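Let me begin by presenting the structure, written as structure tokens, before commenting on it.
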Protein chains: 2
Amino acid sequence: MIRILGIDPGSQRTGIGVIDVAGDGRCTYVHCEALKLLDADDFPARLGLLCEGLERVLDEWQPQHVAIETVFMAKSATSALKLGHARGAALATVVRRRLKVSEYAPRVIKQSLVGRGAAEKDQVQHMVRLLLNLPAMKLQADAADALAVALTHAHMSATADRTGVSVAMLRRR
Amino acid sequence: MIRILGIDPGSQRTGIGVIDVAGDGRCTYVHCEALKLLDADDFPARLGLLCEGLERVLDEWQPQHVAIETVFMAKSATSALKLGHARGAALATVVRRRLKVSEYAPRVIKQSLVGRGAAEKDQVQHMVRLLLNLPAMKLQADAADALAVALTHAHMSATADRTGVSVAMLRRR
């Protein structure tokens, strides 16, 4: 069994999702939450909250793999910059724990879960519920996205194991 | 006496500068270096190196104040994103130590050191040498920029003390 932490970084909210993958590739829901960062006094303090929250999750759930969304082309340099800060803080926290991070583009996540790179967000959420058997659970959008990237990593790792193609190769497709 | 750490963040090299400010406002050079991040295996590992280097500097030099450059409008969303990652990792590291960070725009740093917001980079370097009495020392560009932001913070704090105007107000001018 492998435990995967998925992260959907953002400077207002950062989604966290934890799943377990059995040897047969079956995925089980473990935990999800959205770290709320807007309560912080200023922007640097938001990044501090992000790291504190992430470290708490790493301590509590002890994932072996970490997967994170890459950034879609942001609307503006300003929003790219803010998102970059959040992602940088998250990546640094994970890397400092000597955990390897796999990065997946939103298009790859959609392709992996829905079978179409241009799927809508609610289709992705629907598949997250279905694959993790969470029919009635209220899923916060950022937490659902974090579970989606964790599921993508589970699928990619399984495909890589089965075919001998590296995950890096699969991600490039 | 107050010890100030200046940071010039970048995803290839991050400049670090440490100065002491005496009660009369006189500044003394303590330390500077450029953290070289390109040796890392991948981009997340670079951010790990950045944080490790920064934590080493914080441990060794124990600054009371931290000052960091804000980002000039980056040429592209991609470069804004990379710079944002580096800055986010640096800010998160500092904030986790409960150190307060002051942010200064490049224009403000130039204005503070050279007296002109549109000064050239080598003029800023020249003033860094002059103010810190480092005539012969070879200064790496990123390290010099880090010393420049530390000096700016020293000047701004002294002006704020003298006039009762907050540093936040001065930064906005």
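In the text below, chain A, chain B and the rest are named by the order of the sequence lines, each starting its count at 1. None of the values given here were measured: they were computed from a predicted structure.
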Under 4.5 Å from a heavy atom of chain B, the part of A:Glu52 involved: both

Atom group of B:Lys82 that falls short of 4.5 Å from chain A, counting heavy atoms: neither

Connected via hydrophobic side-chain network under 4.5 Å: A:Leu134 and A:Val21: yes

Parallel, tilted or perpendicular: ring planes of A:Trp61 versus A:His31, cut at 30 and 60 degrees: parallel

Interchain contact, B:Arg87 with chain A, by part (heavy-atom threshold 4.5 Å): both

Inter-residue atom distance B:Arg46.CZ - B:His85.NE2, 0.5 Å rounding: 11.0 Å

Stepwise side-chain contact (heavy atoms from CB on, under 4.5 Å) check, A:Cys27 with A:Leu132: CA-CA 6 Å; A:Cys27 295; A:Leu132 293 174; 3.9 Å; yes

Proximal component of B:Arg97, with respect to chain A [non-hydrogen, under 4.5 Å]: neither

Shared hydrophobic cluster for A:Ile68 and A:Val94 (ILVMFWY, side-chain gaps under 4.5 Å): yes

Option that, when pairs with chain A are counted at under 4.5 Å, heavy atom only, ranks first among B:Ala86, B:Pro44, B:Ala45, B:Ala90: B:Pro44

